[in-house]
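One structure is given below, encoded as structure tokens.
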Amino acid sequence: MKQLRLLYLEECPYCKEAFAFIDQLKQEDDRYKDIEIETIEESVHPELIVKYNFYYYYVPTIYMDDVKMHEGIITKEDVKRIFDKALEE
């Protein structure tokens, strides 16, 4: 399974939606339950942003194995697409 990283800001309403979509999908489909997502709150851990050389302007941003998969306002369908890609061998 591929490594997912979610960059977010605690007060961002779109980030809160992303977390809600993640939870919904994990409840709806057992295939997604084991997908692990490293979460990085950018204002708390700016050193991790630099360490991983993340380049983005908007949150939420999701990386898969260091490849940006999504940036900015996200839908449940976007999260599902990323989850499905993460499950590919």
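Between T39 and Y8 there is a side-chain heavy-atom pair separated by less than 4.5 Å. Between T61 and L6 the shortest side-chain heavy-atom distance does not fall below 4.5 Å. No side-chain heavy atom of E42 sits less than 4.5 Å from a side-chain heavy atom of L7.
Under the salt bridge (Lys or Arg N to Asp or Glu O under 4.0 Å) criterion, D34 pairs with no residue at all, not counting sequence neighbours.
Of all heavy-atom pairs between V59 and Y56, the closest is CG1-CE1, 3.8 Å. Considering every non-hydrogen atom in both K33 and D30, the closest pair reads CE-OD1, 3.0 Å.
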What pairs of donor and acceptor atoms, side-chain ones from residues 64-71 against any protein atom, are under 3.5 angstrom apart with sequence neighbours left out?
unit_1, atom_1, unit_2, atom_2, d
D65, OD1, Q3, N, 3.0
D66, OD1, R5, NH1, 3.0
K68, NZ, Y55, O, 2.9
K68, NZ, E71, OE1, 2.7
H70, NE2, G72, O, 3.3
H70, NE2, I73, O, 2.9
E71, OE2, Y57, N, 2.4
E71, OE2, Y58, N, 2.8

Pairs under 3.5 angstrom only: tabulate donor-acceptor contacts from the side chains of residues 9-29 to other protein residues two or more places apart or in another chain.
unit_1, atom_1, unit_2, atom_2, d
Q24, OE1, K76, NZ, 3.4
K26, NZ, I35, O, 2.5
E28, OE1, K76, NZ, 3.1
E28, OE2, K76, NZ, 2.7
D29, OD1, R31, N, 2.9
D29, OD1, R31, NE, 3.2
D29, OD2, R31, NE, 3.2
D29, OD2, R31, NH2, 2.9

For I37 and F83, run side chain to side chain contact (heavy atoms under 4.5 Å, CB included): C-alpha distance rounded to whole Å, both residues' side-chain angles, the deciding distance at 0.1 Å, then the answer. CA-CA 10 Å; I37 304 170; F83 277 6; 3.7 Å; yes
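Atom CD of E47 is surrounded by more than 12 heavy atoms from other residues, nucleotides or ligands within 6.0 Å.
A donor-acceptor pair shorter than 3.5 Å can be found between the side chains of S43 and E41.
The pair E77-K80 fails the salt-bridge criterion, with no side-chain N (NZ, NE, NH1 or NH2) lying under 4.0 Å from an Asp/Glu carboxylate O.
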